[in-house]
Colleague: 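Below you'll find the structure I mean.
Residue numbers count from 1 along this sequence.
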Amino acid sequence: MTQCHRLTIEPQGFFLDGKPFRFIAGAIHYFRVPKSYWADRLKKLKACGFNAVETYIAWNAHQPTEDSFCYEDMLDVEEFLRTAQSLGLYAIVRPGPYICSEWEFGGLPWWLLKKPGIRLRCLNKPYMDAVNRFFDDLMPRLAPLQSTQGGPILMMQVENEYGSYGDDKPYLRAIADGMRTRGIDVPLFTSDGPTDFMLTGGTLPGIHKTGNFGSDPKGHFAKLREHQPDGPLMCCEFWNGWFDHWTEQHHLRNPEDAAAFLKELLEGGDNVCAYMFHGGTNFGFMNGANGLTDYQPTVNSYDDDAPLNECGDPTPKYWMFREVVSKYADLPDIDFPEVAPKARYGTLRFTQSARLFDNLEALSQPVHDAVPLTMEELNQGYGFALYKTRVSGPREELPVVLQQVHDRAHIYVDGALKGIQYRNDPEPAVKIKIPSDGCELAVLVENMGRINYGYNLMDRKGITEGIRLGQAFVYQWDCYPLPLNDLSGVKFKDKTPEFDGTPLFMRAVLTLNEPPKDTFVKLPGFKKGVIFVNGRILSRYWEVGPQKSAYLPAPFLKEGENEIIVLDLEGFERPEVVLDDAFDLG
């Protein structure tokens with residue numbers, strides 16, 4: 001018979017079945033970790049002395065289109081939670097609908113941006129209609145997994161860090177009530193930064209408040225106490241590491257410093273959730289971006305300098321955390337999982353190639369419109385969009401102005417690359433002179449990840465306002481959506497790749513005669529593009545770093561032939577890919 005448990009929140013602390021309880025939790029997001037590795041990561045959490053796992057729910061992954069839901073493979077959140085329970089772990093679930101998390105669009109589905117009149121994260125009818133449909137599907141899956149019904153879930157969050165975005169209390173109440181009316185009866189909580197404006201805007205009477213921070217627990221908890229005079233203190237996100245943006249340095253937090261902070265929390269009798277305990281990977285196009293000032297896209301790795309690194313191996317921080325926790329909780333007597341073996345498969349040469357522009361018919365059906373359409377208007381979530389037109393001449397030399405390009409564009413004239421325009425660039429990158437017989441103008445735009453935090457969430461992609469030559473707009477465009485989620489129609493030729501300035505697919509085959517192992521894809525001498533493995537979009541690459549390798553877990557490979565394709569945008573030194581046994585995050 002399944003045993004039920006009830007967590008209560010009393011003035012003096014958390015109580016589980018009437019006995020004092022303290023959360024020593026760690027964040028692991030199921031959607032960032034291959035399913036066959038869930039048990040391994042969760043066992044390592046348990047072996048570190050932690051008693052609960054925390055996870056977000058990624059709405060955009062579970063509802064990829066307005067009319068479809070997905071809970072398969074890495075999205076089987078119910079199985080993830082059952083696995084945690086089988087190992088004796090409790091769970092904290094944060095279902096959003098917004099999650100931030102350096103995840104594409106903060107977990108909101110891209111198709112929301114197609115809806116007329118929509119406003120995000122407030123009591124707006126088009127938005128709430130979508131949220132309610134998602135909750136109708138999700139909450140019946142989570143309700144039976146509550147501790148009150150024999151499952152592992154002890155607590156669930158209302159929205160996420162809402163005080164940093166707004167103060168619509170009826171909206172927050174609608175989210176909380178929407179969970180309750182769909183069968184959620186475990187305690188609810190909010191989490192916000194420890195400032196007055198965040199705790200004022202992001203909290204609700206009667207719902208427990210927690211704080212997110214990575215330093216000065218006494219000062220931050222003092223601020224929290226001003227807004228919540230009693231009840232258990234909890235750091236819901238103890239930032240023991242940090243994430244990386246492209247063009248920046250890889251972030252590291254000294255392990256001794258992080259362990260000392262954890263010790264201070266536990267010594268004070270406080271509750272804690274390590275964010276992240278294991279970060280995993282933003283596979284495919286699922287990285288988010290910051291955009292309060294300049295646009296800052298996040299890398300694919302979500303290593304986050306966590307106690308378990310991107311590929312799940314314990315770091316010095318892990319062992320220091322374990323030593324600290326052992327002073328305040330009993331370490332379980334369980335077999336520690338072995339570190340997954342890594343393979344150095346060596347260097348492969350790309351022996352086949354195909355030009356993107358030669359394969360447009362196999363990849364896309366163009367839409368003609370007077371103006372260049374956004375990706376959302378093209379019914380496209382992720383990837384690239386190509387805009388082509390014939391420009392009449394003659395015209396004197398004029399700048400090509402991509403008005404609000406989101407996010408990075410390659411500009412071609414009569415098939416030749418003329419320049420690259422990035423969203424952050426203050427001036428146009430290209431000037432052209434149009435001959436009397438005109439020319440073909442083409443612009444290939446890469447969506448590098450929707451903004452996931454702050455007041456610029458309405459981050460539509462592609463050309464979002466228009467394309468001008470000088471002050472005059474150019475009209476009549478063929479718009480090609482290029483999500484690149486199916487490359488089966490690309491016609492490769494048995495030809496050594498040669499870069500001619502236009503995007504180039506390159507193909508190699510990795511043949512394995514034994515069960516695959518984890519490995520890391522490296523492209524030395526390559527500038528920018530996308531990696532595909534066995535039909536899966538694995539990762540972006542960009543020479544600016546910091547990330548210099550793409551984690552390729554063994555479950556994404558198979559015995560026999562494995563197809564590796566690279567879409568290269570800007571050229572390379574040698575048409576070779578390296579499969580190494582060590583990662584390089586800069």
Side-chain angles (χ1 to χ4, degrees), residues 26-29 32-33 41 48 54 56 99-104 106 160-161 164 191 193-194 211-217 220 235-265 272-283 286-321 324 407 424 448-454 520 522 539-551 582-586:
I28 302 174
H29 301 154
R32 283 177 158 132
V33 181
R41 310 309 194 244
C48 202
E54 175 265 298
Y56 282 126
I99 63 172
C100 186
S101 192
E102 294 71 58
W103 187 253
E104 221 277 343
N160 183 61
E161 295 184 320
S164 64
S191 64
N212 298 340
F213 47 86
S215 62
D216 186 22
H220 292 325
C235 178
C236 190
E237 290 186 14
F238 155 36
W239 301 324
N240 60 75
W242 205 248
F243 57 91
D244 294 335
H245 295 129
W246 290 112
T247 76
E248 298 177 354
Q249 296 295 311
H250 177 49
H251 287 88
L252 296 171
R253 180 170 184 178
N254 183 287
E256 289 86 356
D257 170 68
F261 179 76
L262 177 63
K263 181 177 185 293
E264 188 175 355
L265 284 169
V272 62
C273 179
Y275 190 99
M276 296 290 300
F277 186 85
H278 169 54
T281 308
N282 302 314
F283 291 114
M286 285 295 105
N287 65 282
N290 283 99
L292 294 180
T293 53
D294 281 350
Y295 174 74
Q296 300 170 293
T298 304
V299 302
N300 280 89
S301 170
Y302 202 59
D303 176 88
D304 210 55
D305 191 33
L308 292 183
N309 67 17
E310 183 179 10
C311 52
D313 297 342
T315 67
K317 192 177 291 182
Y318 177 94
W319 299 111
M320 290 182 190
F321 277 21
V324 169
D407 300 298
N424 294 333
M448 292 192 61
R450 288 181 182 83
I451 290 171
N452 59 258
Y453 177 81
F520 301 90
K522 299 178 179 178
S539 179
R540 307 175 200 268
Y541 64 90
W542 195 4
E543 64 176 349
V544 298
Q547 180 179 332
K548 298 290 187 180
S549 64
Y551 176 45
F583 61 80
D584 181 359
L585 299 180

Colleague: With rounding to the nearest 0.5 Å, note down the distance linking OG in Ser164 to CG in Leu292.
Modeller: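 Reported value, rounded in 0.5 Å steps: 9.0 Å.
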Colleague: Taking the side chain as everything from C-beta on, heavy atoms only, tell me whether Ser101 gets closer than 4.5 Å to His29.
Modeller: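 Yes, close enough: below the 4.5 Å cut-off.
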Colleague: Do you know which two heavy atoms are closest between His245 and Val299, and how far apart they sit?
Modeller: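 Looking at all heavy atoms of both residues, the closest pair is C-CG1, 3.8 Å.
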Colleague: I need the minimum non-hydrogen distance between Leu265 and Pro217, along with the two atoms involved.
Modeller: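 Answer, listing the atom of Leu265 first, then Pro217: CD2-CB, 3.7 Å.
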Colleague: Look only at the side chain of Ser549 and the backbone of Asp584, and say whether a donor-acceptor pair between them is shorter than 3.5 Å.
Modeller: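 Side chain of Ser549 to backbone of Asp584, a donor-acceptor pair under 3.5 Å: yes, one is there.
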Colleague: Is it true that a side-chain atom of Tyr295 and a backbone atom of Asn424 form a donor plus acceptor pair closer than 3.5 Å?
Modeller: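 Between the backbone of Asn424 and the side chain of Tyr295 there is no qualifying donor-acceptor contact (under 3.5 Å).
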Colleague: Would you check if Trp246 and Met448 make a side-chain contact, meaning some heavy-atom pair closer than 4.5 Å?
Modeller: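 Sidechains of Met448 and Trp246: in contact.
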Colleague: Would the distance check show the side chain of Thr315 and the main-chain N or O of Leu308 forming a donor-acceptor pair, the cut-off being under 3.5 Å?
Modeller: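 No; zero donor-acceptor contacts below 3.5 Å.
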Colleague: Going by side-chain hydrogen bond (donor to acceptor under 3.5 Å, both in side chains), Asn287 matches just one of Arg540, Glu102, Glu104. Which one?
Modeller: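 Checked Arg540, Glu102, Glu104 against Asn287; only one passes side-chain hydrogen bond (donor to acceptor under 3.5 Å, both in side chains): Arg540.
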Colleague: Could you grab the distance from atom CG of Asn240 to atom SG of Cys273, nearest 0.5 Å is fine?
Modeller: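 It comes to 9.5 Å.
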Colleague: Test Asp303 against His250 for side-chain contact (heavy atoms from CB on, under 4.5 Å), laying out the working first.
Modeller: CA-CA 10 Å; Asp303 176 88; His250 177 49; 4.2 Å; yes
Colleague: To the nearest 0.5 angstrom, please state how far the CD atom of Glu161 sits from the CD atom of Glu237.
Modeller: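 Between Glu161 CD and Glu237 CD, I get 5.0 Å after rounding to 0.5 Å.
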Colleague: Taking side chain as C-beta onward, heavy atoms only, is Ser539 less than 4.5 Å from Gln547?
Modeller: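 Yes. Closest side-chain heavy atoms under 4.5 Å.
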Colleague: Can Tyr275 and Glu54 be said to form a side-chain contact (heavy atoms from CB on, under 4.5 Å), step by step?
Modeller: CA-CA 9 Å; Tyr275 190 99; Glu54 175 265 298; 4.0 Å; yes
Colleague: Counting distance only, does the side-chain N/O of Asn300 pair as donor-acceptor with the main-chain N or O of Asn282 below 3.5 Å?
Modeller: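 Looks like yes, one N/O pair under 3.5 Å.
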Colleague: Roughly how far, to the nearest 0.5 Å, is OG1 of Thr281 from CD of Glu310?
Modeller: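 These two atoms lie 3.5 Å from each other.
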Colleague: For Gly291 and Ile451, which heavy atoms make the closest approach, and how far apart are they?
Modeller: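 For Gly291 and Ile451, the tightest heavy-atom pair comes out as CA-CD1, 3.8 Å.
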Colleague: May I ask you to check whether Tyr551 and Phe520 place their ring centres under 6.0 Å from each other?
Modeller: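 Between Tyr551 and Phe520, which both carry aromatic rings, the centre distance is below 6.0 Å.
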Colleague: Mark yes or no for whether His220, through its side chain, and Ser215, through its backbone, hold a donor-acceptor pair below 3.5 Å.
Modeller: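 Looks like yes, one N/O pair under 3.5 Å.
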Colleague: Can you check whether Glu256 reaches Met320 side chain to side chain, under 4.5 Å on heavy atoms?
Modeller: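 Side chain of Glu256 against side chain of Met320, heavy atoms only: contact under 4.5 Å found.
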Colleague: Just verifying a value: how many Å separate Asn309 CG and Leu585 CG, rounded to the nearest 0.5 Å?
Modeller: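 The CG atom of Leu585 is 8.5 Å from CG of Asn309, to the nearest 0.5 Å.
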Colleague: Does any non-hydrogen side-chain atom of Pro546 lie less than 4.5 Å from one of Gln249?
Modeller: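 They are not in side-chain contact.
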Colleague: Using the rule side-chain hydrogen bond (donor to acceptor under 3.5 Å, both in side chains), only one of Asp305, Asn254, Asp257 pairs with Lys317; which is it?
Modeller: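 Looking at Asp305, Asn254, Asp257, the match for Lys317 under the side-chain hydrogen bond (donor to acceptor under 3.5 Å, both in side chains) is Asp305.
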Colleague: What class does the angle between the rings of Tyr302 and Phe243 fall in, given that below 30° is parallel, 30 to 60° is tilted and above 60° is perpendicular?
Modeller: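 Because their plane-to-plane angle is under 30°, the rings of Tyr302 and Phe243 count as parallel.
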Colleague: Between Phe213 and Phe261, how do the two ring planes meet: parallel, tilted or perpendicular, split at 30° and 60°?
Modeller: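 Perpendicular, since the angle between the ring planes exceeds 60°.
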Colleague: Would you give the length of the straight line joining atom SG of Cys100 to atom CG of Asn160, rounded to the nearest 0.5 angstrom?
Modeller: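 Here the rounded value is 6.5 Å.
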Colleague: Given side chains that start at C-beta, do those of Cys48 and Phe277 come closer than 4.5 Å, heavy atoms only?
Modeller: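 Sidechains of Phe277 and Cys48: in contact.
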Colleague: With a 4.5 Å limit on heavy-atom distance, are the side chains of Arg32 and Trp103 in contact?
Modeller: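 Result yes, sub-4.5 Å side-chain heavy-atom pair found.
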Colleague: Do you know the tightest heavy-atom contact between Cys236 and Asn212?
Modeller: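 Heavy atoms of Cys236 and Asn212 come nearest at CB-OD1, 3.3 Å.
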Colleague: Can you confirm whether Lys263 is buried at NZ, in the sense that more than 12 heavy atoms of other residues, nucleotides or ligands lie under 6.0 Å from that atom?
Modeller: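 No, NZ of Lys263 has 12 or fewer neighbouring heavy atoms, counting only those of other groups under 6.0 Å.
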